Amino acid sequence: MTALMFDPYTRARASSYSSSSSSSSSEISNTSTIEYGHESFRTFERKILDLVYFIPQMDIFTSTAVKVTRMGGGFNYRIIGISTFNYKAKVEDEDNEDKEVKDNENKEVKDKTVDNNETKYILRIPRRERNNNTHLNREVAVLYYLEVHASIPVPTTIAFDLDGINGCPIELPYVLQTHVAGIPLDQALDQMDFGEKKRFVSKIVDLYVKMDQIYFERSGVLVPASGSRIHRILEVTAFDLGPESEENDRYRTYPQSTTYDMLLSQFECWKIVAGKKDQCPHVAGVVSGYMDQFAAIATRMREKGWLRDNKNILFHPDLSPYHIFVVRTERKSKVDWKISGIIDWDGALSVPRVMSNRVPTWLWRWGSEEGYDAREEGGDGNNPVDRDREALKHQFETEISAALPKFLRHAYKPKYQLLRKLCRFAIWGLRWQEDLDKAKEFVDEWNRVMTRS
């Protein structure tokens, strides 16, 4: 894949959270120490332990033991698991002889603990540490907002430091969150029987309804409101135009309330960025040409009445089974699954509702099916391979239509699939050769639709 103009800081959508156990693989070590220039985990672990005792919200006592675990991270964050245990005064060995629990001078957990009161946390540290494009403050603000104003389960923020200075033991920015209970939905789906899946469909419908109820006056990036010391108030600012810089910030325009105005203003902004003097003239010309075509298409869409819904709602950048955690419950021999948390909110946006109105095909197409590509929306309305899965799809469609009447129209109709693609070009631009290829495919598809209509 060849870069056109910008650094790839938003290209990889790898999970930035993991519930997996520790790993000693060389791959993780190489990622941390070689690719990103980080110190080894062996020495960094001691600083993490110091940080735990440094954070007052952790409530660490003399009887508390701490375990630090290296976990699989993602493109944007290093992930550290932290567990705290409270010891009792004595523990019995296998011969039933009492012995005192010695102070754990190195703050590590012994194999035998007499208290199962384990509390788990996740420490997220930006991969690029103090890079301006980390935007740790945005994620903290969104999570705080959801904790206070929404009924969507998310990790609770315990503490954070946006710069890692002024005495921070690790000397890096970080956010400390509660560990979400359960397992990722992609694992749980393999464990559910048909009845459990049917009951869970309703929970996904409820999640979409809750997200649709979190709306904003304008499209744009969600950031902590100016002067909001505790980050619990959000405001919407202009979409990013590639890596953050003073120059790019000058080109950003104030968010627009209507979808049409947002599209036109974004296409014009991307033209200006493409025309900067440090860009390849040929590439700049190609990008600008597509932006002009996109603007003309947006105008035609408005004339055809496709842009009448101007509601802007909360958008999770990757609402997939990997980022939905669930827990299994059993009562009176009836097994049920509930959503325990939605993770990976860095990159959350306010967007036109049509962008969020895509059906979760993974509810009825888990596993591999010949000819199915989750990245392509054209087959979203097709029925799956067997009756049980078809029943799940029908149930979702019935329930979502009753709760959100416009949802399936936005999801399945080709004109709204085209509009969704156009919105993506407006928000994320054309930064890679892959994007240019998709832009050509989009224009060709638009021309075919217009020829038939």
Side-chain angles (χ1 to χ4, degrees), residues 4-6 10-11 13 216 218-221 236 238-242 251-253 255-274 286-318 347 349-359 375-381 406-453:
L4 294 176
M5 300 181 291
F6 307 117
T10 57
R11 292 303 302 173
R13 292 305 311 164
F216 306 90
R218 303 175 184 277
S219 295
V221 174
V236 181
F239 291 112
D240 297 317
L241 298 173
Y251 306 139
R252 298 167 70 192
T253 60
Q256 305 297 318
S257 57
T258 70
T259 301
Y260 177 68
D261 289 340
M262 181 276 288
L263 292 171
L264 291 193
S265 64
Q266 282 295 112
F267 296 144
E268 188 62 29
C269 286
W270 285 117
K271 282 182 61 177
I272 295 173
V273 171
V286 172
V287 171
S288 294
Y290 275 121
M291 293 302 164
D292 285 337
Q293 292 184 70
F294 293 160
I297 291 172
T299 299
R300 187 75 179 105
M301 286 182 172
R302 185 184 64 163
E303 293 171 352
K304 294 177 72 66
W306 299 4
L307 304 180
R308 291 173 180 169
D309 186 343
N310 290 301
K311 184 177 181 180
N312 299 298
I313 68 172
L314 176 69
F315 178 72
H316 187 292
D318 189 7
L349 301 169
S350 168
V351 299
R353 178 158 54 181
V354 67
M355 283 193 65
S356 290
N357 288 177
R358 186 183 176 190
V359 293
R375 295 170 299 180
E376 297 299 327
E377 299 183 28
D380 282 0
K406 294 183 179 180
F407 190 97
L408 291 183
R409 189 190 321 161
H410 287 165
Y412 291 153
K413 284 188 174 294
K415 64 181 182 181
Y416 292 118
Q417 292 179 352
L418 281 169
L419 174 56
R420 195 152 41 244
K421 292 177 182 179
L422 190 64
C423 287
R424 294 191 191 109
F425 289 132
I427 294 172
W428 289 293
L430 302 175
R431 310 183 190 187
W432 296 73
Q433 182 59 49
E434 175 189 357
D435 298 330
L436 289 182
D437 295 340
K438 289 185 177 299
K440 183 180 184 305
E441 293 173 2
F442 171 80
V443 172
D444 291 343
E445 184 180 4
W446 165 261
N447 290 332
R448 287 194 298 271
V449 170
M450 288 299 97
T451 301
R452 292 194 300 265
S453 62

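Note that these values count all heavy atoms, side chains included, but never hydrogens, waters or copies made by symmetry. Computed from a prediction, not measured in an experiment: that's the story for all the values here.
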Peer 1: In chain order, what residues pass the side-chain contact (heavy atoms from CB on, under 4.5 Å) check against Val359, with sequence neighbours excluded?
Peer 2: Thr361, Trp364, Asp380, Phe396, Phe407, Leu408, Ala411, Tyr412
Peer 1: Going by the rule salt bridge (charged side-chain N to carboxylate O under 4.0 Å, His left out), which residues pair with Lys413 if we only count those two or more places apart in sequence or in a different chain?
Peer 2: none
Peer 1: Where is the tightest heavy-atom contact between Tyr290 and Leu430, given as atom of each residue plus distance?
Peer 2: CB-CD1, 3.7 Å
Peer 1: How far does OG1 of Thr259 sit from CH2 of Trp306, to the nearest 0.5 angstrom?
Peer 2: 14.0 Å
Peer 1: Going by the rule side-chain contact (heavy atoms from CB on, under 4.5 Å), which residues pair with Arg308 if we only count those two or more places apart in sequence or in a different chain?
Peer 2: none
Peer 1: Could you state the interatomic distance from CD1 (Ile297) to CZ (Phe442), rounded to the nearest 0.5 Å?
Peer 2: 4.5 Å
Peer 1: What residues, two or more places apart in sequence or in another chain, satisfy side-chain hydrogen bond (donor to acceptor under 3.5 Å, both in side chains) together with Asn447?
Peer 2: none
Peer 1: For the CG atom of Leu241 and the CH2 atom of Trp270, what is their distance to the nearest 0.5 Å?
Peer 2: 5.0 Å
Peer 1: Please identify each residue that fulfils salt bridge (charged side-chain N to carboxylate O under 4.0 Å, His left out) with Lys421, with sequence neighbours left out.
Peer 2: Glu445
Peer 1: Say you draw a straight line from NZ of Lys415 to CG of Leu307; how long is it, rounded to the nearest 0.5 Å?
Peer 2: 10.0 Å
Peer 1: What pairs of residues pass the salt bridge (charged side-chain N to carboxylate O under 4.0 Å, His left out) test when at least one of them lies in residues 262-272, not counting sequence neighbours?
Peer 2: Lys271-Asp292
Peer 1: Run Met355 and Leu419 through side chain to side chain contact (heavy atoms under 4.5 Å, CB included) and show every step you take.
Peer 2: CA-CA 8 Å; Met355 283 193 65; Leu419 174 56; over 6 Å; no
Peer 1: Asp309: what forms a side-chain contact (heavy atoms from CB on, under 4.5 Å) with it, not counting sequence neighbours?
Peer 2: Lys311, Arg353, Lys406, His410
Peer 1: Under the side-chain hydrogen bond (donor to acceptor under 3.5 Å, both in side chains) rule, collect the residues that match up with Arg448, sequence neighbours excluded.
Peer 2: none
Peer 1: Is there side-chain contact between Pro352 and Asn312, with at least one heavy-atom pair below 4.5 Å?
Peer 2: yes
Peer 1: Roughly how far, to the nearest 0.5 Å, is CG of Leu349 from OG of Ser219?
Peer 2: 9.0 Å
Peer 1: Between Thr258 and Asn310 (side chain of the first, backbone of the second, donor and acceptor by atom type, cut-off under 3.5 Å), is there such a pair?
Peer 2: no
Peer 1: Can you list everything that forms a salt bridge (charged side-chain N to carboxylate O under 4.0 Å, His left out) with Lys304? Sequence neighbours excluded, please.
Peer 2: none
Peer 1: So how far is it from Gln293 CD to Leu422 CG, rounded to the nearest 0.5 Å?
Peer 2: 11.5 Å
Peer 1: Show the nearest heavy-atom pair for residues Gln417 and Glu377, with the distance to one decimal.
Peer 2: NE2-O, 3.2 Å
Peer 1: Taking all non-hydrogen atoms of both residues, which atom of Ala426 and which atom of Met262 are closest, and how far apart?
Peer 2: CB-SD, 4.2 Å
Peer 1: With a 4.5 Å limit on heavy-atom distance, are the side chains of Trp446 and Met301 in contact?
Peer 2: yes
Peer 1: Given side chain to side chain contact (heavy atoms under 4.5 Å, CB included), test Phe425 with Met291 step by step and report yes or no.
Peer 2: CA-CA 9 Å; Phe425 289 132; Met291 293 302 164; 5.7 Å; no
Peer 1: Which residues satisfy the ring-ring contact (aromatic ring centres under 6.0 Å, His included) test with Phe267, sequence neighbours excluded?
Peer 2: Phe294
Peer 1: Go through the structure and list residues passing salt bridge (charged side-chain N to carboxylate O under 4.0 Å, His left out) with Lys438, not counting sequence neighbours.
Peer 2: none
Peer 1: Taking the side chain as everything from C-beta on, heavy atoms only, tell me whether Asp435 gets closer than 4.5 Å to Trp428.
Peer 2: no
